[in-house]
Amino acid sequence: MYKKMYFLLFKAITTALKENDINKIRNILIKAQIDADKICVNSDEEI
């Protein structure tokens, strides 16, 4: 679970760093945060 979340967030940060539009950057990072949270909540692994 943590590896999947890490790679999702790392990819999103890398993508966001290539953007110049602050709104696109914001949306990329918000979506990644929401997606990572869903991975954690839906996981059967113990935290």
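The chain is numbered in sequence order, starting from 1. None of these values were measured; they are calculated from a predicted model.
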Next on the checklist: Enumerate the side-chain hydrogen bond (donor to acceptor under 3.5 Å, both in side chains) contacts for residues 30-41, please, sequence neighbours excluded, ordered by first and then second residue.
Outcome noted: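 Every pair satisfying side-chain hydrogen bond (donor to acceptor under 3.5 Å, both in side chains) with a residue in residues 30-41: K31-D35.
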Item to check | Listed once per pair and sorted, the side-chain hydrogen bond (donor to acceptor under 3.5 Å, both in side chains) pairs that draw on residues 13-29, sequence neighbours left out | outcome: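 Every pair satisfying side-chain hydrogen bond (donor to acceptor under 3.5 Å, both in side chains) with a residue in residues 13-29: there are none.
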Next on the checklist: Looking at every non-hydrogen atom in both residues, tell me the closest pair between L29 and A16 and how far apart they are.
Outcome noted: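 Heavy-atom minimum between the residues: CD2-CB, 4.0 Å.
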Item to check | Which atom of C40 lies closest to which atom of M1, heavy atoms considered | outcome: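 Scanning both residues completely, I find the closest heavy atoms to be CA-SD, 3.6 Å.
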Item to check | L9 reachable from I30 in the ILVMFWY side-chain graph, under 4.5 Å edges | outcome: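 I30 does not cluster with L9.
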Checklist entry - How many angstroms lie between CD1 in I39 and CD1 in I34, if you round to the nearest 0.5 Å? => result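 With rounding to 0.5 Å, CD1 (I39) is 12.5 Å from CD1 (I34).
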Next on the checklist: Nearest 0.5 angstrom please: I25 CD1 to I22 CD1, how far?
Outcome noted: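 So the gap between those two atoms works out to 4.5 Å.
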Item to check | For F10, all residues meeting ring pair (Phe, Tyr, Trp, His ring centres under 6.0 Å), sequence neighbours excluded | outcome: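 F10 satisfies ring pair (Phe, Tyr, Trp, His ring centres under 6.0 Å) with Y6 once adjacent residues are dropped.
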